[in-house]
Amino acid sequence: MKIENEHYKQIKESVKETLSRHGLTYSGYASEFTDDSPAMWRLYHASNILGKSAVNFTVKTLYVYLNDNHIDTALKQIAKELRKEESEKNVQQQIL
């Protein structure tokens, strides 16, 4: 992926915070969509990153070196990671 690791982590954390703030899991939220791309873009746009709106962060930080295809690739990877984290958490809860 072309996105810098720091920016990737910031986006992932802001998406997780947005889900948490609304009491949602990614899998539950994404079930309303046909694939991860529109779900992640909507979550991303609903997020605040470093106190900035996602749109502001995108224009001033990411579009300096990325385009929408690069951001989409990162968002899809974040979706995969969120699903895996939720799955692992569910397995751990079942063990307990």
Side-chain angles (χ1 to χ4, degrees):
M1 280 186 292
K2 189 172 179 179
I3 191 168
E4 293 178 10
N5 193 41
E6 178 183 347
H7 295 149
Y8 181 88
K9 288 179 182 178
Q10 291 167 337
I11 292 170
K12 184 176 178 183
E13 286 307 309
S14 70
V15 167
K16 288 172 79 170
E17 288 171 14
T18 300
L19 288 166
S20 178
R21 186 173 50 240
H22 294 284
L24 299 170
T25 63
Y26 177 71
S27 297
Y29 174 78
S31 68
E32 303 291 322
F33 298 85
T34 56
D35 69 42
D36 285 327
S37 187
M40 286 302 297
W41 276 102
R42 185 172 277 186
L43 275 171
Y44 174 66
H45 284 287
S47 301
N48 286 310
I49 304 165
L50 301 174
K52 300 177 185 174
S53 71
V55 172
N56 190 334
F57 181 77
T58 304
V59 171
K60 293 188 176 194
T61 306
L62 300 182
Y63 281 161
V64 171
Y65 70 103
L66 299 174
N67 63 39
D68 282 345
N69 291 331
H70 299 124
I71 299 167
D72 191 57
T73 299
L75 292 175
K76 287 177 185 176
Q77 181 61 36
I78 290 169
K80 287 179 188 176
E81 291 176 13
L82 293 175
R83 285 184 193 279
K84 183 179 178 190
E85 290 170 11
E86 290 171 5
S87 177
E88 290 170 353
K89 184 177 179 182
N90 288 337
V91 168
Q92 288 176 349
Q93 289 177 343
Q94 289 174 357
I95 292 171
L96 299 176

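Positions are given from 1 along the sequence.
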Please verify the inter-ring angle class for His7 with Phe57; under 30° counts as parallel, over 60° as perpendicular, anything in between as tilted.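 Rings of His7 and Phe57: perpendicular, over 60°.
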Would you call the rings of Trp41 and Tyr44 parallel, tilted or perpendicular, taking 30° and 60° as the class edges?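 Judged by the thresholds at 30° and 60°, the geometry between Trp41 and Tyr44 is perpendicular.
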Between [atom1] of [X] and [atom2] of [Y], what distance do you get to the nearest 0.5 Å?
X     : Y     : atom1 : atom2 : answer
Ile71 : Tyr8  : CD1   : OH    : 13.5 Å
Asn56 : Leu50 : CG    : CG    : 10.5 Å
Tyr65 : Glu4  : OH    : CD    : 4.0 Å
Lys16 : Glu81 : NZ    : CD    : 9.0 Å
Lys2  : Thr73 : NZ    : OG1   : 11.5 Å
Gln77 : Ile11 : CD    : CD1   : 12.5 Å

Any [X] side-chain heavy atom under 4.5 Å of [Y] side chain:
X     : Y     : value
Ser37 : Lys76 : yes
Tyr26 : Asp36 : yes
Leu82 : Leu19 : yes

If you take all heavy atoms of Val64 and Lys60, which pair is closest and at what distance?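 Closest heavy-atom pair between Val64 and Lys60: CG2-O, 3.5 Å.
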State, to 0.1 Å, how close Ser27 and Glu86 come at their nearest heavy-atom pair, and which atoms those are.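 Reported closest heavy-atom pair: OG-OE1, 2.7 Å.
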Just checking Arg83: does its CZ atom have more than 12 heavy atoms from other residues, nucleotides or ligands closer to it than 6.0 angstrom?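 Counting other residues, nucleotides and ligands, CZ of Arg83 exceeds 12 neighbours.
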Decide yes or no on side-chain contact (heavy atoms from CB on, under 4.5 Å) for Ile78 and Leu43, but give the supporting numbers first. CA-CA 11 Å; Ile78 290 169; Leu43 275 171; over 6 Å; no
Which of these passes side-chain contact (heavy atoms from CB on, under 4.5 Å) with Gln10: Glu13, Lys12, Glu6?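 Between Gln10 and the candidates, side-chain contact (heavy atoms from CB on, under 4.5 Å) is satisfied uniquely by Glu6.
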